[in-house]
Amino acid sequence: MDTAVEAKPVQSVDRAAQILGMLREQPSLTISEIARRLGVHRSTAFRLLATLESHDLVEQETARGAYRLGFGLLRMANAVTGRIDLTRDAQSSCDDAAAQLKETVNVAILDQSAAVTITQTVGERMIGVARQYVGQRGPLHATSTGKVLLAYASPAEQRRILTGALEAFTGSTITDAKTLADELEAVLQRGWASAVAEWEEGINALAVPVRGPGGEIVATLSTTAPAFRLPESSFVDHVAVLREAADRLEAKLGVVTTGATA
């Protein structure tokens, strides 16, 4: 199959999306009105609406009445809003850490077996990391952010990566599943991950986890810099700065610490 060929829309999915769009513009429509606007038979519109209703995406106003948008859409919207809030709150933590380290700092999330950067603050150094990472998908096995996200991911996600092909981006990329599994265990033990010229030659990176209110890992906070400015001997000091910034971000997200109070 040639994945480069543009996929054609699935008719039933396209029609379902059109229905949701109609109900956004006009909050209440009958089956007959929807069928007429779609240009389909009433029975086709009924089947589409029944499917949407089974997922709480639409609902009937009365037993045999018109349709309106359902609360299932609100739950989906809340998930998106959560990501928007995370991006907004993460920016200030990126700014704080970058100001202390003078290096580029990123926040990334796990999305479809990749580490996706959602916000970034570029460091002040004249010679730094020129790449714009926001929106970029990084490999889980070759980046510090990816290793953190994978270390705390579900067993199914870990199996998917560990049993798949581990692409070599540089001569230092981990391409052996056993070695990667040991690396992930080390990440869990020490609470942070590193990537030493594993995705880009001459570039090192560090990342720490960011927890959500329920204790789950929702993101990572990382720094990226040329290896000569971020040698392995400096990792612990840099991680301490990242951890402090991550703690502040967690507090904004509603994470309650259990430490003693004065």
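The minimum heavy-atom distance between C94 and T119, with the atom names listed, is SG-CG2, 3.8 Å. For the pair A142 and T173, the tightest heavy-atom approach, listed with the atom from each and the gap, is CB-CG2, 3.9 Å. Heavy-atom minimum distance, P209 versus A246: O-CB, 4.0 Å. Summarising the geometry of A97 relative to L242, their closest heavy-atom pair is CB-CD2, 4.4 Å, with the distance given to 0.1 Å. For the residue pair I109 and A219, the shortest heavy atom distance occurs at CG2-CB, 4.0 Å. Closest approach of P231 and N204 over heavy atoms only: CA-ND2, 4.4 Å.
For the pair L180 and L166, the minimum side-chain heavy-atom distance is below 4.5 Å. Side-chain atoms of S172 and V196, non-hydrogen and from C-beta on, never get closer than 4.5 Å to each other. When side chains are defined from C-beta on, R211 does not count as touching V218, because their heavy atoms never get closer than 4.5 Å. Residues L49 and V58 are in side-chain contact: their nearest non-hydrogen atoms beyond the backbone lie under 4.5 Å apart. Using a 4.5 Å cut-off on side-chain heavy atoms (C-beta onward), E198 and K147 make contact. Using a 4.5 Å cut-off on side-chain heavy atoms (C-beta onward), V107 and T117 make no contact. In this structure, the side chains of E59 and L69 stay at 4.5 Å or more apart for every pair of heavy atoms. Taking 4.5 Å as the limit, some side-chain heavy atom of I161 sits within range of a side-chain heavy atom of L150.
Other residues, nucleotides and ligands contribute over 12 non-hydrogen atoms within 6.0 Å of the CD atom of E216.
Checking side-chain atoms of D176 against main-chain N and O of T179 turns up a donor-acceptor pair under 3.5 Å. Checking side-chain atoms of Q18 against main-chain N and O of L38 turns up no donor-acceptor pair under 3.5 Å. Checking side-chain atoms of D111 against main-chain N and O of V116 turns up no donor-acceptor pair under 3.5 Å. Judged by distance alone, with hydrogens and angles left aside, the side-chain atoms of H141 form a donor-acceptor pair with the main-chain N or O of E167 at under 3.5 Å. With hydrogens and angles ignored, the 3.5 Å screen pairs a side-chain donor or acceptor of H41 with a backbone N or O of S43.
When each of L206, T220, L221 is checked for a side-chain contact (heavy atoms from CB on, under 4.5 Å) with V148, only T220 meets the rule. In summary, of the residues considered (R37, R68, E33), a side-chain hydrogen bond (donor to acceptor under 3.5 Å, both in side chains) with Q26 occurs for R37 alone.
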Between S194 and S144, does the side-chain contact (heavy atoms from CB on, under 4.5 Å) criterion hold? Intermediate values first, please. CA-CA 5 Å; S194 64; S144 61; 5.5 Å; no
List the steps, then state whether salt bridge (charged side-chain N to carboxylate O under 4.0 Å, His left out) holds for R243 with E250. CA-CA 10 Å; R243 187 63 261 166; E250 290 178 351; 3.1 Å; yes
Trace of the side-chain contact (heavy atoms from CB on, under 4.5 Å) decision for V40 with I34: CA-CA 9 Å; V40 300; I34 291 171; over 6 Å; no
side-chain contact (heavy atoms from CB on, under 4.5 Å), that's the test. Do E200 and T170 meet it? Break it down for me. CA-CA 7 Å; E200 300 174 85; T170 72; 5.6 Å; no
Test side-chain contact (heavy atoms from CB on, under 4.5 Å) on Y152 and L110; report intermediate values, then the result. CA-CA 10 Å; Y152 291 93; L110 178 65; over 6 Å; no
Derivation of the side-chain hydrogen bond (donor to acceptor under 3.5 Å, both in side chains) call for Q100 and D96: CA-CA 7 Å; Q100 292 185 65; D96 291 344; over 6 Å; no
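One distance of note links CD of Q120 with OG1 of T104; it measures 5.5 Å at 0.5 Å rounding. The OG atom of S234 sits 11.0 Å away from atom CZ of R229, with the distance rounded to the nearest 0.5 Å. Atom OG1 of T51 is separated from atom CZ of F46 by 9.5 Å, given to the nearest 0.5 angstrom. The CH2 atom of W199 lies 9.0 Å from the OG1 atom of T224; values are rounded to the nearest 0.5 Å. The OG atom of S113 sits 8.0 Å away from atom CZ of R137, with the distance rounded to the nearest 0.5 Å. Expressed to the nearest 0.5 Å, how far OH of Y67 lies from CD1 of I19 amounts to 9.5 Å.
The same ILVMFWY cluster, assembled from side-chain heavy atoms under 4.5 Å apart, contains both L188 and I217. The hydrophobic clustering, which links ILVMFWY residues whose side-chain heavy atoms are closer than 4.5 Å, places L20 and I31 together.
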